[in-house]
Enquirer: 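Below you will find the structure I want to go over with you.
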Amino acid sequence: MRFALLLFILVPIIEMTVLIQVGSEIGSLATVGLVFLTAIVGVSLIRKQGLETSLKAQEKMRRGELPASEVAEGVMLLFAGLCLLIPGFVTDAIGGLLLIPMLRKLFAAGLVVKLMSSVMARGTQWRSRGYYESSKEGDIIEGEYANEDNDLIDKK
């Protein structure tokens, strides 16, 4: 949580600093135009690559395979789109790097491996704790049971 708070504070400060520096070099109107241009070009590239990724995922599902890498690439494209829509050159650079298919596949593979390892670690943790602890220490619920013959369904 502290890392997210640090990013929430640092990213706007870094973006403003870079925007001011670029604006002083090329002018404020050109800087604003460049920010809009990167957002427009980025969104159009993301639409194209997102459609391709979606088609690959559908093809894998038709073959009965798990489209884990395509889902991870889709998440990367979503993050790239968010970075490109945020005004600034640093986030545009991050979003642009994620638009390069080889880098995106590399990051997606790392994301899938990390996700699978965390799921497997949690799975063994849940299995060992859930089975053994439930047999040792279970909750005891006291109650009474009465079988009533007033049930109309049983009489048919």
Enquirer: Restricting to non-hydrogen atoms, name the atom on Leu77 and the atom on Arg104 that form the minimum distance, rounded to 0.1 Å.
Expert: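 That closest heavy-atom pairing would be CD2-NH1, 3.5 Å.
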Enquirer: Could you grab the distance from atom CD1 of Ile100 to atom CG of Leu106, nearest 0.5 Å is fine?
Expert: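 Ile100 atom CD1 to Leu106 atom CG measures 11.5 Å (nearest 0.5 Å).
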Enquirer: Mind checking the SG-CD1 spacing from Cys83 to Ile46? Nearest 0.5 Å is all I need.
Expert: 8.5 Å
Enquirer: Please check if atom CZ in Phe89 has more than 12 non-hydrogen atoms from other residues, nucleotides or ligands closer than 6.0 Å.
Expert: yes
Enquirer: Taking all non-hydrogen atoms of both residues into account, name the closest pair between Ile86 and Asp92 and its distance.
Expert: O-OD1, 3.8 Å
Enquirer: Measure the CD1-CD distance between Ile26 and Gln21 for me, rounded to the nearest 0.5 Å.
Expert: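 Rounded to the nearest 0.5 Å, the CD1-CD separation comes out at 12.0 Å.
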Enquirer: Let's go through Glu59 and Arg62 carefully: what are the C-alpha distance in whole Å and the side-chain angles of both, what is the deciding distance for salt bridge (Lys or Arg N to Asp or Glu O under 4.0 Å) to 0.1 Å, and is it a yes or a no?
Expert: CA-CA 5 Å; Glu59 181 61 33; Arg62 276 191 209 109; 3.1 Å; yes
Enquirer: So Val43 and Leu84, side-chain contact (heavy atoms from CB on, under 4.5 Å) or not? Walk me through it.
Expert: CA-CA 7 Å; Val43 168; Leu84 288 167; 5.6 Å; no
Enquirer: How many angstroms lie between CG in Leu85 and OG1 in Thr38, if you round to the nearest 0.5 Å?
Expert: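 These two atoms lie 9.0 Å from each other.
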Enquirer: Carefully, step by step, assess Glu52 and Lys48 under the rule salt bridge (Lys or Arg N to Asp or Glu O under 4.0 Å).
Expert: CA-CA 6 Å; Glu52 291 172 2; Lys48 181 181 178 248; 3.6 Å; yes
Enquirer: Using the rule that two of Ile, Leu, Val, Met, Phe, Trp, Tyr join whenever any of their side-chain heavy atoms come within less than 4.5 Å, decide whether Val11 and Met16 are in one cluster.
Expert: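 Not linked; separate clusters.
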Enquirer: If you take all heavy atoms of Leu98 and Met76, which pair is closest and at what distance?
Expert: CD1-O, 3.8 Å
Enquirer: Taking all non-hydrogen atoms of both residues, which atom of Met61 and which atom of Pro67 are closest, and how far apart?
Expert: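 Scanning both residues completely, I find the closest heavy atoms to be CG-CG, 3.8 Å.
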Enquirer: OG1 of Thr91 to CD1 of Ile14: how many Å apart, nearest 0.5 Å?
Expert: 10.5 Å
Enquirer: Would you check if the side chain of Glu70 reaches a backbone N or O of Ser54 as a donor-acceptor pair within less than 3.5 Å?
Expert: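 Judged by distance alone, no pair lies under 3.5 Å.
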Enquirer: Looking at side-chain heavy atoms only, is the closest gap between Lys60 and Leu66 below 4.5 Å?
Expert: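 Not touching, per the 4.5 Å side-chain cut-off.
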Enquirer: Ignoring hydrogens, what is the shortest heavy-atom contact between Pro12 and Leu7? Give both atom names and the distance.
Expert: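 Shortest heavy-atom contact: CD-O, 4.0 Å.
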Enquirer: Supply the atom-to-atom distance Phe8 CZ to Phe3 CZ, rounded to the nearest 0.5 angstrom.
Expert: 14.5 Å
Enquirer: Is there a side-chain contact between Pro101 and Glu73, using heavy atoms and a 4.5 Å cut-off?
Expert: no
Enquirer: Group every Ile, Leu, Val, Met, Phe, Trp and Tyr by side-chain heavy-atom contacts under 4.5 Å, then state whether Leu37 and Leu99 land in the same group.
Expert: yes
Enquirer: Can you give me the closest heavy-atom contact between Val90 and Val18, atom names plus distance?
Expert: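 In terms of heavy atoms, the two residues are closest at CG2-CG2, 3.8 Å.
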Enquirer: Heavy-atom count around Leu6 CG within 6.0 Å, excluding the residue itself: above 12?
Expert: yes
